[in-house]
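Shown next, in structure tokens, is the structure this report addresses.
One-based numbering along the sequence shown. Keep in mind that what you see is a predicted model, and the values were worked out from it rather than measured.
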Amino acid sequence: MNICFAHAHPDDETLASGALIAHLSAQGHKVFVLTATRGEMGEVVEGPLSSLAGTPELERRREGELAGALDVLGVAGAAFLGTSPARAELPERHYLDSGMRWITEHVAGPAEHADERSLCSADEDEVTADIVAYLRHIDAHLAISYDADGGYGHPDHVAMHHLTRRAAAEMGIGFAVIVHEPGKDVHFYELEELLPVVVEALGHHQTQLSVDGSMLTHSGGQREAVKTSVGLRGDLPG
């Protein structure tokens, strides 16, 4: 089965679904990752790389970090939304990170101002067509993305949920959402044996986070355990 994980920013693929990507790849599925933006608005870990914040070099660095992580996870292919083959029309475009602000300690919302070139400012038909172009290119049978609230409310995550679901419907293929708690209609994967793989993949995202054993620290200082257990609600890999 050809499976596409649709994420908003570099590191989301590993943080939210790295163990599942590695598991499905090892099971013989062809797993692809579509990333919408380069995470230009994200913070940078304090230290020698912090000078990259707000510069074009940060975008290029995060492209390289993503490539390294995906190689560890064993994906069959990857693309950035808006660039071939994830582009439905010419010229190609670069969807920018829409940014966010914290509404509560754990819930995000839209930034005060978003660049007109950002994902959330883009025409939804255009974004959906680009997602469809990639799903068609890889002959996808299943698309997987965030749940309806984007995990924690980031507007780019929410947009990718709705537009990937719409693209999958247009293609007539399956769609599933990532959840991190067992529940009704959730197929839950316990993948603790893949912790070393996920940690290695996260280690490539050096502008975004640091890893210490089974714990990670985000650029904003938040600490959490590396996730290896993940669930899917909706259509499932065959």
So which heavy atom on [X] is nearest to which on [Y], and how close?
{"X": "S98", "Y": "C120", "answer": "OG-N, 3.0 Å"}
{"X": "L194", "Y": "A19", "answer": "CD1-O, 3.3 Å"}
{"X": "V211", "Y": "G203", "answer": "CG2-N, 4.4 Å"}
{"X": "L34", "Y": "F80", "answer": "CD1-C, 4.1 Å"}
{"X": "D97", "Y": "G42", "answer": "OD2-N, 3.5 Å"}
{"X": "I178", "Y": "S17", "answer": "CD1-CB, 3.9 Å"}

Is the shortest side-chain heavy-atom distance between [X] and [Y] below 4.5 Å?
{"X": "P237", "Y": "L142", "result": "yes"}
{"X": "R93", "Y": "R87", "result": "yes"}
{"X": "L20", "Y": "L232", "result": "yes"}
{"X": "D12", "Y": "Y146", "result": "yes"}
{"X": "R166", "Y": "D125", "result": "yes"}
{"X": "V45", "Y": "Q206", "result": "no"}
{"X": "L119", "Y": "M160", "result": "yes"}

Below 30° counts as parallel, above 60° as perpendicular, anything between as tilted: where do the rings of H7 and F5 land?
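H7 and F5: parallel rings.
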Do [X] and [Y] get their side chains close enough for a donor-acceptor pair, meaning under 3.5 Å?
{"X": "E65", "Y": "T207", "answer": "yes"}
{"X": "H218", "Y": "E224", "answer": "yes"}
{"X": "H204", "Y": "T14", "answer": "no"}
{"X": "Q208", "Y": "S219", "answer": "no"}

More than 12 foreign heavy atoms under 6.0 Å from CD of E116: is that the case here?
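Open: at most 12 neighbouring heavy atoms sit under 6.0 Å from CD of E116.
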Give a yes or no on this: more than 12 heavy atoms of other residues, nucleotides or ligands lie within 6.0 Å of atom CD of E46.
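12 or below, so no.
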Test side-chain hydrogen bond (donor to acceptor under 3.5 Å, both in side chains) applied to Y95 and D130, D156, T83, the passing residue:
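The single option meeting the side-chain hydrogen bond (donor to acceptor under 3.5 Å, both in side chains) with Y95 is D130.
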So E13 and H205, side-chain contact (heavy atoms from CB on, under 4.5 Å) or not? Walk me through it.
CA-CA 11 Å; E13 78 299 325; H205 289 294; 2.9 Å; yes
To the nearest 0.5 Å, how far apart are OG in S210 and CG in L216?
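It is 7.5 Å, given to the nearest 0.5 Å.
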Charged N-O contact under 4.0 Å between E63 and R60:
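No, this pair does not count.
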Indicate yes or no for a side-chain donor-acceptor contact from S121 to the backbone of R117 under 3.5 Å, with no hydrogens or angles considered.
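Side chain of S121 to backbone of R117, a donor-acceptor pair under 3.5 Å: no, none is there.
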Can H180 and S229 be said to form a side-chain contact (heavy atoms from CB on, under 4.5 Å), step by step?
CA-CA 7 Å; H180 287 106; S229 297; over 6 Å; no
